[in-house]
Structure formats: C-alpha cells, structure tokens
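Structure record follows, encoded as structure tokens.
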2 protein chains.
Amino acid sequence: MQRIDSQNIVLLVRKAGFKATPAILAILTILQRAKKPLTVQEVAEKLNPKRDKVTIYRILEKLKEKRIIRHVDFQHGHAHYELNSDDHHHIICTACGKIEELEECSLKNMMQQVIKKSALFMRLTSHSMEFFGVCKTCDKKMKKIVSSPNLMKVRT
Amino acid sequence: MQRIDSQNIVLLVRKAGFKATPAILAILTILQRAKKPLTVQEVAEKLNPKRDKVTIYRILEKLKEKRIIRHVDFQHGHAHYELNSDDHHHIICTACGKIEELEECSLKNMMQQVIKKSALFMRLTSHSMEFFGVCKTCDKKMKKIVSSPNLMKVRT
DNA sequence: GTATGTGCAAATCGTTTGCAAGTCA
DNA sequence: TGACTTGCAAACGATTTGCACATAC
C-alpha cells in the first residue's frame, strides 16, 4: 500500500500539475485514510468544510486522469474511488454489500499473458477486476430462510 | 461460445420462467448475433419493430438475473450486455474504444485461489474483468502527434 | 496577474417506477 | 382467465456543463 504523508501530498499534487488547494488535499487525505473505495457521496460526507459535489467530481476526475486514484466498479450504480496503490482487488457480497480486499494474486502473470496473446494491443494501461459472491454471513441467513418453518421470523 | 438456435430460444426463455414474447426473443437473437457486448441503445437500434427502451431495460434485467446474459462494464458510463457464454474478457482501447475479445486465460485457477484465500466468502457467483490499453493503431497516431513538427496536421 | 479551481444553477444521461392496457399459456 | 409483458409519462440519481467569482503560485 502506497503511503503519502501530509507534506508529500502537496508535492504529489503539484507534480501532477494541480494547485495544492484545501479541497484537493482534503480529498486525497480522505481517500488515503479510507479502508475501502469511497463513493462521491461518502467523500462529500467526510469533507470538512463541506464542498459542492461538482467540485468533488472534478477533483476525482483529475486525480484519475493522472492515475493518482483509480475507479472501482462494484455495480452499485455509482463510482467508487481509491488510491491507486499496488494491485489489489475485491470480493463484493451481492446480498449485503460487504467488501473483502484481495491480495495481488497472480494477476501480473495473467496480464503479461494477455498482452502477449493480443493481436491488436501492445500495452495495457489499466484493468478492472472484481469478484462477486455471497459472504458466509449472508449465506447462512439464506439457508435459514429456506429451511425456516416460519418465514416471518427471518429478518433482513 | 454457447449456441442457441431459434427454436431453442423459446425453450430457454420458458425454462427461465418467462413468456416467449416477440420482444424477448428478438433481444436474445440480437445478443446472440452480436460480435461484442451491446448497450441498451445499440439493442434498441437493432430491434425491429422498435421497442420502448423501458422494455429493453426490463428484459435485460430479467435475463441477467437468470444468468442468461451478463453485464460488462467498459467504464463508458452505460452498461453493455452479452450472452453469458464461457468465460472470456476484453481489452478496450481507451483512445478509440476498440474492443478485443480474450480467451479464457488462467482465470479459473485464479478464482479458485481467490476463494481459497478469502476469509469471509465461500462462493463466487460472478466477476467482472476488463483490461484497458491503447491499441496499436492509436499508439501509432499518438507517437505521430508527439513527434509531428506541425500539430495541426494530425486528425483525431 | 493569470491560469486554475470552486460554487451555484441548470442541463443531461442512463436507468427505474407507477399505472393502465395488451398478450401469452 | 390470470399472471406476466409492454408502453407511456414521469421520476430519479449520478454525473456534466456554463458561467461568474475566488484562489494559488
């Protein structure tokens, strides 16, 4: 996991060609401290002072272009963003939304294979990879529902 | 690649618990003939007679629930759908949008590893995996732009 | 001082919902 | 017939755009 201390955030931002404004520094700090990819909404809630959502969208877009952060799609209908650290991916529970972070796996090998086999492409710049499943807790709940003599007892 | 002849589409649809209406049969046929994942817009354009987009959204959603088709995310801001055939994934050119289809690679091994390592999950139900890069054609164009003595000459 | 960043209002786009009418089994 | 489908209108939520003002460097 990439680490950025508060002094270096300023340098990082400037090197990317942006002004080190409070808004951009705050957003980067929030993403850095987050333990999971955040939505625009979640970033907005953590921001103090509050910022217009438009500002957040614009900052995230710029950071993404410079590859400082990356976009993650959990198929929830809205984008999630996280620091673009070393490759790691996620399993998302389709029942409760719980997210587990995965270590690198053998993705690098796979990417090399992919580009070697490709007829049209010569380099890969990014990828998206998420796994969806049902977490153990939800799995148990589901089994309970199926076998329960009284469906009304079961809460979601 | 899974094949469905026109008589069997009806059976497939009924087995999934849906009525074999012209709209659903047409949409399945379109997806079957498509060489790449289609957007709702693209399905709408190919439909004859035309159908309300709402109808297309609803049919695609139902087919997805029954795992007859799958959702593919190219980070283009709208969903793409394709028949849920054997695992294959895509490389998408971030410059021109060109799509190359990949063969299975070593994904199955990887998924087994993933679930073995996971503390919270016991089964995976689906995944998303797309690679983004710059295709050879666009790569050449970009190099031209950089080295060109007259930027105006280069078209996008 | 000037290019860049920000906030506000409004537009846009993909997608979803409610409801009445139509259709398949 | 009756449940499932469809179309239309309208709502919705995420994201984008235009423009005037503010700020970093």
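Keep in mind it's a predicted model, so treat the numbers as computed, not measured. Numbered from 1 within each chain, the chains take letters A, B, ... in sequence-line order.
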Checklist entry - Taking the nucleotide of DNA chain C with the closest heavy atom to each, which residue, B:His78 or A:Lys50, is nearer the 5' end? => result A:Lys50

Next on the checklist: Closest-nucleotide mapping onto DNA chain C: is B:Pro22 or B:Gly77 further toward the 5' terminus? I mean the 5' end.
Outcome noted: B:Gly77

Next on the checklist: Given the ring of A:Phe121, does B:Lys136 sit roughly above its face, with NZ or CZ under 6.0 Å from the centre of the six-membered ring and within 45° of the axis?
Outcome noted: no

Give a yes/no on whether any side-chain N or O of [X] is located under 4.0 angstrom from OP1 or OP2 of [N].
| X | N | result |
| --- | --- | --- |
| B:Thr21 | D:dT6 | yes |
| B:Tyr57 | C:dT15 | yes |
| B:Arg14 | C:dA25 | yes |
| A:Lys62 | C:dG5 | yes |

What is the distance, rounded to the nearest whole Å, between atom [atom1] of [X] and atom [atom2] of [N]?
| X | N | atom1 | atom2 | answer |
| --- | --- | --- | --- | --- |
| A:Leu28 | C:dG5 | CG | P | 13 Å |
| A:His76 | C:dT16 | NE2 | C1' | 17 Å |
| B:Phe18 | D:dT6 | CZ | C1' | 15 Å |
| B:Leu11 | C:dA25 | CG | P | 11 Å |
| A:Lys53 | D:dC12 | NZ | P | 15 Å |
| B:Lys64 | C:dT16 | NZ | C1' | 13 Å |
| A:Lys66 | C:dG5 | NZ | P | 10 Å |
| B:Asp52 | D:dA10 | CG | P | 13 Å |

Checklist outcome for this item: Which of C:dT15, C:dG7, D:dC25 is nearest the side chain of B:Val40? It is C:dT15

Next on the checklist: Walk me through whether A:His127 and A:His89 qualify under side chain to side chain donor-acceptor pair (under 3.5 Å).
Outcome noted: CA-CA 10 Å; A:His127 61 273; A:His89 300 84; 2.9 Å; yes

Next on the checklist: Taking any heavy-atom pair under 4.0 Å as a contact, classify B:Arg58: base, sugar-phosphate, or nothing.
Outcome noted: base

Next on the checklist: So, under a plain 3.5 Å distance rule, would you say the side chain of A:Lys19 forms a donor-acceptor pair with the base of D:dC25?
Outcome noted: no

Next on the checklist: Test side chain to side chain contact (heavy atoms under 4.5 Å, CB included) on B:Phe131 and A:Ser128; report intermediate values, then the result.
Outcome noted: CA-CA 6 Å; B:Phe131 296 93; A:Ser128 76; over 6 Å; no

Item to check | Whether A:Tyr81 and A:His71 hold their rings parallel, tilted or perpendicular, with breakpoints at 30° and 60° | outcome: perpendicular

Checklist entry - What class does the angle between the rings of A:Phe74 and A:His76 fall in, given that below 30° is parallel, 30 to 60° is tilted and above 60° is perpendicular? => result perpendicular

